[in-house]
There are 4 protein chains.
Amino acid sequence: MKKQIKVGLVGVTGYTGMELARLCLAHPNFTLTAATSRAEAGKKLSEIYPFLQKTKLQDLIISEPNPKELAKTCELVFLAVPHGAAMNVAAELLDQGLKVVDLSADFRLRDVSTFESWYNTPHAQQSWLKKAVYGLPELYAEEIAKAQLIANPGCYPTASILALYPALKNKLIKDQGIIIDAKSGTSGAGRKATVGTLFCEVSDSFRAYNIGGKHRHTPEIEQELSLANNSQITLSFNPHLLPLNRGILNTIYTELNTKSSAKELHEVYSKFYEKHSFVRVLPLGSLPELRFVRGTMFCDLALTVDERTKRLILVSCIDNLCRGASGQAIANANLMLGLELETGLNLAPLVP
Amino acid sequence: MKKQIKVGLVGVTGYTGMELARLCLAHPNFTLTAATSRAEAGKKLSEIYPFLQKTKLQDLIISEPNPKELAKTCELVFLAVPHGAAMNVAAELLDQGLKVVDLSADFRLRDVSTFESWYNTPHAQQSWLKKAVYGLPELYAEEIAKAQLIANPGCYPTASILALYPALKNKLIKDQGIIIDAKSGTSGAGRKATVGTLFCEVSDSFRAYNIGGKHRHTPEIEQELSLANNSQITLSFNPHLLPLNRGILNTIYTELNTKSSAKELHEVYSKFYEKHSFVRVLPLGSLPELRFVRGTMFCDLALTVDERTKRLILVSCIDNLCRGASGQAIANANLMLGLELETGLNLAPLVP
Amino acid sequence: MKKQIKVGLVGVTGYTGMELARLCLAHPNFTLTAATSRAEAGKKLSEIYPFLQKTKLQDLIISEPNPKELAKTCELVFLAVPHGAAMNVAAELLDQGLKVVDLSADFRLRDVSTFESWYNTPHAQQSWLKKAVYGLPELYAEEIAKAQLIANPGCYPTASILALYPALKNKLIKDQGIIIDAKSGTSGAGRKATVGTLFCEVSDSFRAYNIGGKHRHTPEIEQELSLANNSQITLSFNPHLLPLNRGILNTIYTELNTKSSAKELHEVYSKFYEKHSFVRVLPLGSLPELRFVRGTMFCDLALTVDERTKRLILVSCIDNLCRGASGQAIANANLMLGLELETGLNLAPLVP
Amino acid sequence: MKKQIKVGLVGVTGYTGMELARLCLAHPNFTLTAATSRAEAGKKLSEIYPFLQKTKLQDLIISEPNPKELAKTCELVFLAVPHGAAMNVAAELLDQGLKVVDLSADFRLRDVSTFESWYNTPHAQQSWLKKAVYGLPELYAEEIAKAQLIANPGCYPTASILALYPALKNKLIKDQGIIIDAKSGTSGAGRKATVGTLFCEVSDSFRAYNIGGKHRHTPEIEQELSLANNSQITLSFNPHLLPLNRGILNTIYTELNTKSSAKELHEVYSKFYEKHSFVRVLPLGSLPELRFVRGTMFCDLALTVDERTKRLILVSCIDNLCRGASGQAIANANLMLGLELETGLNLAPLVP
């Protein structure tokens, strides 16, 4: 058996918590030693998640989220609690010397006022915010390895930034006029009981929501792409709800800066992601499908040039729960703890 | 019992044929007297469609598609056969004096060379093409009423043109740079057995296809919108495949010409469609959902202004089989036969 | 326009309320003049159900459930409120002279103690219970026509009783050892927000629930079948949850009494339901499919003899919201008001 | 890196082939060195399965199925070709000294005449049939470890036998009158393009098929259970098609032999499967859900006593592609090659 590192999970009852449990089971070096939930404290993990019976997690007792206790039993904590609440819990854990991967949005926006205006709440942990690293491994692997606090990226931003980064970094496309038409599976809406996410309201249907500059992932995408292009990017981000559990597919419309051929653009992207094992630039003519990334860390990318309208159309897709949340959290933890990025994450998709 | 008009259906075995059968059953004035299929000729309709047992269509015998026979038993024929094949069958029926609503693409494009280059086939019935009327009732009700041959619009064009027409007609948006991000249910792919449309390949998945100026509905949309705006419009049309049976939802990105407020734009649209019973302009702030048009003739429309990027985002949705094909064919037939447009089509959606 | 009868709907916010609204729209003689909901009173019906915009119901104002007011504006009321609450509301409406079709279980069980033990609540309206008629039109059309109060059957009982009635009435099968393996779409679970009926918990899954004699529809099925067979029938009813919106399919296992051939049994069934337009006995060798009854009043029935184990296996299927609830309520109302049973209910299924 | 064993896959294009590829990727000791398909020979595996890009299988060249070549490159071959064709391919491979796990039905039935009457084809490899071992590891682990040829069990039989075996072995239930009401996801129907398995024909629907003693898995189930009970068991097996990709759930109706309490029965089952890591006997009161076994080797089992009808109702569920086919094949290969049964198969379900 390989070297074991003790990790904890604060907030085990949502879909990202479930997914973290699944991924910890597949990880050769992580032992989940604590899982917390105020509502379920005292129960075995397999009581609330019957699918964990006869796994090594079955008898883990869910505990109250107590930072001091966590510091005794863990080296690193995954934080899967709602925006707003996360920042203070994170600070308490960090103050105990723990490493923290925060899956909420609380430490993603580098600019306090941007955070406060989009999330409509004051930021109570600004000194920690300054030390937080944005946990997109393809862009920030070195910084992540040294960080104590990781702001784990949002699901839509992960699929958006990975798609646009090489084009903007290399000034291949105009920095204005970018449109992201995003489609997400329903697990992105979380596990809270609401009429709008009931089976009978989502099944056989499809709809847009929060379009026209209202979705909170907008500033996160703009922040990272503005840094890539060294200019202030304002784009139009427009999400939709798919009648399926997992997956995000973004269709992204951009204007070409130069008369680059599809082949040249494809070469730039292929080279950019050549060494990155989780990003697959598909052959020209191929297009991603959600099912081919389900349950995995892959971000599948395709480039299409619309000759009639001089546009570069990018299609990217990820599993929102794995690559877009919990899997990426594990990847960040791997780097923070000195392991290979891919440890425990060489997952093939469940097809069909 | 109301006055009965005898109608026929050439090509009963696909999803549009099924839907025409359903709608004829609900129609107070149409009697389906002929349904043809070379493959199934001789069988009762309820043998191939068990769901028609104990309906007035159960004992209709499927026949070979013989124009002379059809002329004896029908006044109007719905033509639901593939592109390319339809034009000659239509001509034979028209030559017999029958009225024809053609659900294929063969008579939709007014310009022969555009048709031939996009459909990669010569047009063998150019004189009938000149007489064909594009069957979008909101735009061409008068011409439809006098026509012998209707080119029934494509599903994507119906949802696209209805969304963009008022804005372009009134020069509210720029005529270039329009992007249509379209999502369709799987019935749009037809009823042919292919691996790509098997349940296990479509379910739990989502993908783009034919993006970047490749889909044949592009010139159809451009034709009607160019006429509306009196300019040559070139737009980017990009379809996707949804894991559900019925429905198309288009998210359409445009640039505002003037500094119109959302309220002003909404008023233009509301007024434009005020008298049109099948188009519903939703209140500002509401967005369409596929389930709310399922099984109906409604086209639901919403307008959103993205203030950050100065765009008008339009969302439109229809049932691709009803409004986008067979229901629209019935509506056209109503007008051609002197009935009210809505006859037999006041259908409420099946929710949930 | 045909003669209009004013009807009301108490409890408009659930799935059966939605379905009643849809069916009233399609009905040539019913005008929905009142729809009540304490939570939504004061709103237009199209505000809570956007799919009713541009229909004749769009401007109906939702009201408080006031029996005296209802008596002024309606002749008959559909009652779609929860079990336990319905009985007293029904009594108030009945006392005002209104006809009532109660969709709850409160008046379905003829024996008070059976009701009280299965529903765990005292029956407060026993005198009305004695006058209630069980609203299964194939069995009780004459009594329904004379009734003031109809106990609209449960969804599972409708599909179960119609399947077993002819065999038990004619003593073709043993009255003991009957097993009903029932599968229902998720709309049967209602529209309350619960984690268990969220899209992500139901989609891609399937499960049994309340098996082994625990489901409350058991005594209702046994009551009607015991009457049919003139013996006390105890059977095993076992429901399951399907990842789809609408539909119930029952597979029913019975033991043959006599050495009847499949052909003979089929003849008995065909003859029994010959004049009943909503029950379709499929040809031998065919089996029902949920999609073929969706949105309709049909109960599709098939008979299979398992020669190896001497069993008659019956398969029945219905749309749980239409035939199993709201459509059957309309059918009962038709009879109570002197209309043809089928009025407004000649609905073809939405396929696909 | 652990010791690597070379394995081959004959027939890579179906869903079981896909699943074997997925599972080989997760296996620490197996290297897939050959994958054959006449139709796709010459292509890279990642050309036909884009989801294998950037995995260690991406560059494997699909080859023609040549036994001599396979003998050079593999130690064991998984055979995923259709019934009837498999037996002769198996014999050729076995004659080369290869170990073979055959996923078809060709070697499952011990009695030649039973095979020939149910499969309607002569058995051409009767001497190999005598040597074949039925590959259900919970029953035959020792024999499997010594075998050269494994008949990998059918999906429905796996879920049925595991559920009934302890009860019949211990004579707790009657050996006659057993009814299996089985429900399977659509991947069980294979990857051949047929109208009946198109998305639009399966989605939103549910149906029974081959009921009443017609399904070919019947004799396989009866064979193993008859051995367990040491009597000739004839049962009624009745399959249904679920609108989801993966999973089988069986509801099984039996008559109790003795007046055993639920608690006593549960203890027998718990003890029987205590040491078997892939079978989970759920706590009394819990019922299995398909989603909790998706992608895994688990067979989840529940026992319910219907006190009103003196029945033991068993519910069992598995993933038909993993436990019901390819995963079980890997488990058998593990035993044949001297590895731990669970090697590479400690998979947690993908939830949601």
Side-chain angles (χ1 to χ4, degrees), chain B residues 14-15 18-19 21-26 28 46-47 49-58 185-187 191 203-204 243-246 273-274 276-283 286-300 302 319 321-322 342 346-352, chain C residues 14-15 18-19 21-26 28 46-47 49-58 185-187 191 203-204 243-246 273-274 276-283 286-300 302 319 321-322 342 346-352:
Chain B
Y15 292 133
M18 272 190 194
E19 179 74 347
R22 175 179 84 96
L23 294 167
C24 282
L25 276 172
S46 57
E47 281 179 81
Y49 294 149
F51 59 88
L52 294 180
Q53 287 169 48
K54 290 216 177 175
T55 72
K56 57 185 176 178
L57 288 180
Q58 70 173 344
T186 305
S187 61
R191 209 180 169 215
S203 174
D204 282 330
L244 52 80
N245 290 340
R246 281 178 183 242
Y273 286 121
E274 195 172 19
H276 294 280
S277 49
F278 293 145
V279 180
R280 303 191 289 202
V281 181
L282 304 192
S286 290
L287 289 170
E289 307 192 24
L290 276 193
R291 60 186 174 138
F292 293 155
V293 300
R294 185 166 50 216
T296 79
M297 282 297 288
F298 291 120
C299 175
D300 281 1
D319 180 317
L321 287 183
C322 187
E342 294 84 358
N346 281 319
L347 306 159
L350 194 71
V351 182
Chain C
Y15 293 133
M18 273 191 195
E19 180 74 347
R22 175 179 84 95
L23 294 168
C24 282
L25 275 173
S46 57
E47 281 179 80
Y49 294 150
F51 58 87
L52 294 180
Q53 287 170 49
K54 290 214 175 178
T55 70
K56 57 186 177 177
L57 288 180
Q58 71 173 343
T186 305
S187 62
R191 207 180 170 215
S203 174
D204 283 330
L244 51 81
N245 290 339
R246 280 179 184 243
Y273 285 121
E274 194 171 21
H276 294 281
S277 50
F278 293 145
V279 180
R280 303 191 290 201
V281 180
L282 302 192
S286 290
L287 289 170
E289 308 193 21
L290 276 194
R291 59 185 173 139
F292 294 155
V293 301
R294 184 165 51 217
T296 78
M297 282 297 288
F298 291 119
C299 174
D300 282 1
D319 180 317
L321 287 183
C322 187
E342 294 86 356
N346 281 318
L347 305 159
L350 196 70
V351 182

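All heavy atoms count here, side chains included; hydrogens, waters and symmetry mates do not. Reminder, nothing fancy here: chain letters follow the sequence lines and each chain counts from 1.
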#### Entry: Any donor-acceptor N/O pair, B:R280 side chain to C:Q53 backbone, under 3.5 Å
yes

### Close approach to chain B in residues 288-297 of chain C, criterion heavy atom under 4.5 Å
C:F292, C:R294, C:G295

What part of [X] gets within 4.5 angstrom of chain B, counting heavy atoms only: side chain, backbone, both, or neither?
| X | value |
| --- | --- |
| C:S277 | backbone |
| C:D204 | side chain |
| C:Y49 | neither |
| C:L321 | side chain |

### Summary
From the list C:K54, C:R191, C:R22, C:M18, the residue making the most non-hydrogen contacts under 4.5 Å with chain B is C:K54

### Query
What is the minimum heavy-atom distance between C:N245 and B:P352, and which atoms define it?
ND2-C, 3.8 Å

## Note on the structure
In terms of heavy-atom contacts, B:E19 and C:V351 come closest through OE1-O, 4.5 Å

### Query
Contact part of B:E274 toward chain C, heavy-atom cut-off under 4.5 Å: side chain, backbone, both or neither?
backbone

### Query
Taking only residues two or more places apart in sequence, or in another chain, which ones meet B:F278 in a ring-ring contact (aromatic ring centres under 6.0 Å, His included)?
none

### Task
Could you tell me which residues satisfy side-chain contact (heavy atoms from CB on, under 4.5 Å) with C:T186, sequence neighbours excluded, listed by chain and number?
A:F199, A:C200, C:T197, C:V202, C:L241

### Task
Report yes if the side chains of B:L350 and C:F51 come closer than 4.5 Å at any heavy-atom pair, otherwise no.
no

### Task
Determine the option with the most heavy-atom pairs under 4.5 angstrom with chain C, choosing from B:D300, B:L23, B:V279.
B:V279

### Summary
Taken in chain and number order and not counting sequence neighbours, the residues that satisfy side-chain hydrogen bond (donor to acceptor under 3.5 Å, both in side chains) with C:E47 are none

